[in-house]
Amino acid sequence: MIGSILEQNGQFYAFLESSTINPAGLSLMGYYWYLELEENGLFKKKLWGKDNLSRLPGKHGMRGKFSGDRTCLILSPIFKNDDWKGKQKVLRLSDLVLIDLAMPRGYASFHVLDVWGNRAFLSDEKDKLVLCEMTLEQL
């Protein structure tokens with residue numbers, strides 16, 4: 001299943017989330033991949049992701065959405081019992097660096113809807129939308 005697709009400079013990319021056993025319950029996913037596509041839409045090259053999720057203990061699954069500025073992939077785990085504890089991360093497309101997100105004080109329960117440059121749109125998925133500036137800490 002294609003979760004999100006991106007065209008950049010004539011090249012196509014997709015985020016696949018697949019092998020869902022029970023789509024209503026989302027019990028298992030076989031893999032999630034960020035990949036490059038051929039012109040005809042066929043798989044060309046896997047760039048990032050995980051395989052064989054059904055062989056891992058517990059439930060696993062990931063949703064991915066390309067940002068509006070086409071610089072990153074916003075990743076949202078489906079379950080809260082994985083390594084990420086249900087928290088979103090951002091995959092920077094230029095170098096495939098996975099970035100942990102620290103939400104501003106008072107917004108820990110909000111979700112990232114989109115990223116544009118150094119700004120992120122956050123929502124409580126009810127009635128609030130917030131625009132925040134993002135900073136990247138250097139280690």
Side-chain angles (χ1 to χ4, degrees):
M1 179 169 88
I2 296 176
S4 189
I5 195 158
L6 169 73
E7 182 275 329
Q8 199 162 35
N9 301 322
Q11 182 58 54
F12 291 94
Y13 301 90
F15 184 81
L16 298 184
E17 37 198 71
S18 190
S19 296
T20 304
I21 302 297
N22 177 358
L26 294 171
S27 59
L28 292 174
M29 291 183 96
Y31 58 85
Y32 53 84
W33 291 348
Y34 162 51
L35 50 87
E36 187 176 341
L37 300 174
E38 302 261 347
E39 281 185 26
N40 59 8
L42 295 176
F43 167 85
K44 182 176 182 181
K45 180 173 147 187
K46 184 170 80 169
L47 302 170
W48 181 89
K50 230 178 206 184
D51 294 309
N52 301 317
L53 298 177
S54 58
R55 294 182 183 170
L56 299 174
K59 296 179 182 180
H60 300 273
M62 189 74 59
R63 298 263 188 246
K65 177 181 172 259
F66 291 103
S67 63
D69 69 356
R70 301 173 175 207
T71 61
C72 60
L73 186 59
I74 302 163
L75 299 166
S76 305
I78 296 171
F79 305 104
K80 294 184 180 189
N81 62 343
D82 61 1
D83 296 344
W84 294 11
K85 306 293 185 225
K87 301 218 184 261
Q88 290 179 297
K89 295 189 182 195
V90 171
L91 181 69
R92 191 169 49 209
L93 301 180
S94 61
D95 55 8
L96 301 180
V97 169
L98 195 57
I99 300 168
D100 288 322
L101 299 172
M103 296 300 210
R105 178 178 229 136
Y107 296 95
S109 65
F110 280 53
H111 296 357
V112 177
L113 294 179
D114 204 355
V115 172
W116 200 272
N118 65 339
R119 295 182 176 199
F121 293 91
L122 309 179
S123 173
D124 67 352
E125 297 184 351
K126 295 176 190 159
D127 60 357
K128 292 184 179 139
L129 180 64
V130 178
L131 179 61
C132 295
E133 195 163 320
M134 294 188 326
T135 57
L136 189 60
E137 292 182 10
Q138 299 296 330
L139 297 176

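The first residue in the sequence is number 1, and the count goes up from there.
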* Nearest heavy-atom neighbours spanning Gly68 and Asp114 -> N-OD1, 2.6 Å
* So, Glu38 side chain and Gly41 main chain: donor-acceptor pair closer than 3.5 Å or not? -> no
* **Leu131 reachable from Met134 in the ILVMFWY side-chain graph, under 4.5 Å edges** => no
* Student check: side-chain heavy atoms of Leu122 and Leu129 closer than 4.5 Å -> no
* Asked: Same cluster or not: are Ile2 and Leu35 linked, directly or through other Ile, Leu, Val, Met, Phe, Trp or Tyr residues, by side-chain heavy atoms under 4.5 angstrom apart?
  -> yes
* Shared ILVMFWY cluster between Tyr107 and Phe121, side chains joined below 4.5 angstrom? -> no
* Structure fact -> Rounded to the nearest 0.5 Å, the CG atom of Leu47 sits from the CG atom of Leu96 at a distance of 6.0 Å
* Under the side-chain hydrogen bond (donor to acceptor under 3.5 Å, both in side chains) rule, collect the residues that match up with Asp95, sequence neighbours excluded. => Arg92
* Asked: Out of curiosity, does Val90 fall in the hydrophobic cluster containing Met103 (side-chain heavy atoms, cut-off under 4.5 Å, transitive links)?
  -> yes
* Pairwise distance CD(Glu17) to CE(Met62) - rounded to 0.5 angstrom -> 10.0 Å
* For the side chain of Asp69 and the backbone of Gly117, is there at least one donor-acceptor N/O pair under 3.5 Å apart? -> yes
* Asked: Under 4.5 Å between side-chain heavy atoms, hopping through other hydrophobics if needed: is there a path connecting Leu113 to Phe110?
  -> no
* Structure fact -> CD1 of Ile74 to CG of Leu91, rounded to nearest 0.5 Å, is 11.0 Å
* Between Ser4 (side chain) and Phe15 (backbone), is there a donor-acceptor pair under 3.5 Å? -> no
* To do: May I ask you to test the Ser123-His111 pair for a side-chain heavy-atom distance under 4.5 Å?
  => no
* What is the distance from atom CG of Leu73 to atom CZ of Phe66, rounded to the nearest 0.5 Å? -> 5.0 Å
* To do: Check whether more than 12 heavy atoms from other residues, nucleotides or ligands sit under 6.0 Å from atom NZ of Lys87, and answer yes or no.
  => no
* Enter the distance from Lys128:NZ to Ser109:OG here, rounded to the nearest 0.5 Å. => 8.5 Å
* To do: Answer yes or no: does atom CZ of Phe43 have more than 12 heavy-atom neighbours from other residues, nucleotides or ligands under 6.0 Å?
  => yes
* Asked: Which pair of non-hydrogen atoms, one from Leu37 and one from Gln11, has the smallest distance, and what is that distance?
  -> O-NE2, 2.7 Å
* Asked: Checking side chain to side chain contact (heavy atoms under 4.5 Å, CB included) for the pair Leu98/Trp48: CA distance, chi angles, key distance, verdict?
  -> CA-CA 10 Å; Leu98 195 57; Trp48 181 89; 4.2 Å; yes
* To do: Have a look at Glu36 and tell me which of Lys45, Lys44, Lys46 forms a side-chain hydrogen bond (donor to acceptor under 3.5 Å, both in side chains) with it.
  => Lys44
* To do: Using side-chain hydrogen bond (donor to acceptor under 3.5 Å, both in side chains) as the criterion, list what pairs up with Asp100, not counting sequence neighbours.
  => Lys89
* Structure fact -> Rounded to the nearest 0.5 angstrom, the CZ-CD distance for Phe12 and Glu39 is 8.0 Å
* Structure fact -> Correct closest heavy-atom pair for Glu7 and Arg70 would be O-NH1, 2.6 Å
* Structure fact -> Looking only at heavy atoms, the pair that brings Pro104 and Cys132 closest together is CG-SG, 3.8 Å
